Amino acid sequence: MSMFTARKAATGTAPHGSRPTRTRWTMFLLCSGSWPSATSTAAASGMGSLLGFRLLLGAAESPVMPAGGKLNAQWLPARERGRGAVLLGGGAPLGAAVGGITLSTLIAWTGSWRISFVVVGAATVAVGLFAARYIRNHPAGHPRVNCAEAEYIARAHAEEDTAAPTDRRTSLLPYLRHRAFWAMCLGWMGFNGVFYGLLTWGPLYLAETKGCKIQTIGWSTLVIFGAGFVGELCGG
């Protein structure tokens, strides 16, 4: 919880309009931070260093959901944010699907998982540069948003701010009294168990038990998590 609070503070993920944010460049910085983390992982020489570098990578990626949630709140009216949240959450299985086939192909071509990590890290920085160039913190600042769209979003946000309580400060304790909070936590635990279980155990099972080659494992990952992405879009 403290890590989540810290990264919220770093990314400016307060409700829209409450204070200035730097979400646009946060997306670039987290992508840039992933490159040295991935490169360091490629230089790991043992279990301890591998674990440490993977933890560093996780810390570099931690602003993704808070920054994405902030953009969702700034760009969409409240009644349309469910769709944005589904697209944001769907990025996890989509990334695993595309990343699985990409990494397996790179490993097959180069013969080295270390080189593949460096290449993927560099590609992540390129994505970050594109995001920093294309994304804007607010719709009014984007050249492809017309005046009618910007006014529609601003009006919806103003209505939401008017209906919101003046004092938005709260603590964790009120949430602990709601069953929905605990149901959400349990559901997220179940999701993570399945998601990361398939992501880590699945390739190992296919390689050691079924004798699959690296290319086959990559395509299997694409199918499994591609289906997860479609499921999120349909179920959300």
Side-chain angles (χ1 to χ4, degrees), residues 4 13 23 26-27 30-31 34 38 54 57-58 60-109 113 116-117 119-121 123-128 130-131 134-135 139 142 144 149 153 180-236:
F4 181 74
T13 52
T23 312
T26 297
M27 301 297 284
L30 72 90
C31 290
S34 298
R54 296 307 288 174
L57 178 61
E61 293 176 344
S62 64
V64 170
M65 296 305 292
K70 181 61 178 180
L71 283 174
N72 191 29
Q74 290 174 321
W75 273 78
L76 298 176
R79 57 182 172 273
E80 298 180 20
R81 286 179 197 150
R83 187 185 311 157
V86 167
L87 292 174
L88 177 63
L94 180 62
V98 176
I101 187 64
T102 301
L103 272 174
S104 63
T105 302
L106 285 172
I107 293 173
W109 284 353
W113 67 268
S116 302
F117 266 63
V119 172
V120 170
T124 305
V125 175
V127 172
F130 171 78
Y134 185 78
I135 293 175
H142 202 288
R144 299 188 64 178
E149 291 173 323
I153 298 171
F181 172 81
W182 293 106
M184 181 184 67
C185 291
L186 291 173
W188 191 245
M189 288 173 59
F191 168 82
N192 283 332
V194 173
F195 183 89
Y196 291 103
L198 288 173
L199 192 63
T200 56
W201 168 81
L204 186 64
Y205 170 78
L206 291 174
E208 294 187 353
T209 305
K210 300 299 182 180
C212 296
K213 296 182 179 180
I214 186 68
Q215 296 95 328
T216 304
I217 295 174
W219 284 109
S220 300
T221 304
L222 176 65
V223 171
I224 293 171
F225 289 98
F229 174 67
V230 174
E232 283 215 21
L233 294 183
C234 296

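What you are looking at is a predicted structure, and each value in this text was computed from that prediction instead of being measured.
- Distance check, rounded to the nearest 0.5 Å: CH2 of W75 to CZ of R81 gives 14.0 Å.
- In this structure, the separation between CZ on F117 and CH2 on W113 is 6.0 Å, given to the nearest 0.5 Å.
- Y134 approaches R144 most closely through the heavy-atom pair OH-NH1, 3.8 Å.
- In F191, the CZ atom is crowded: over 12 heavy atoms of neighbouring residues, nucleotides or ligands sit closer than 6.0 Å.
- Atoms CG and OG1, from L199 and T221 in turn, are 7.5 Å apart once rounded to the nearest 0.5 Å.
- Contact record, S220 with L206: CB-CD1, 3.6 Å, taken as the closest heavy-atom pair.
- Closest heavy-atom contact between Q74 and P139: O-CD, 3.5 Å.
- Across every non-hydrogen atom of F195 and A96, the tightest pair is CZ-CB, 4.1 Å.
- I214 approaches A108 most closely through the heavy-atom pair CG2-CB, 4.0 Å.
- Atoms CD1 and CG, from I217 and L103 in turn, are 12.0 Å apart once rounded to the nearest 0.5 Å.
- Distance check, rounded to the nearest 0.5 Å: CG of N72 to CE of M65 gives 9.5 Å.
- Between G218 and S104 the shortest heavy-atom distance is CA-OG, 3.3 Å.
- Considering CG of L198 and CD1 of I224, their distance stands at 6.0 Å, rounded to 0.5 Å.
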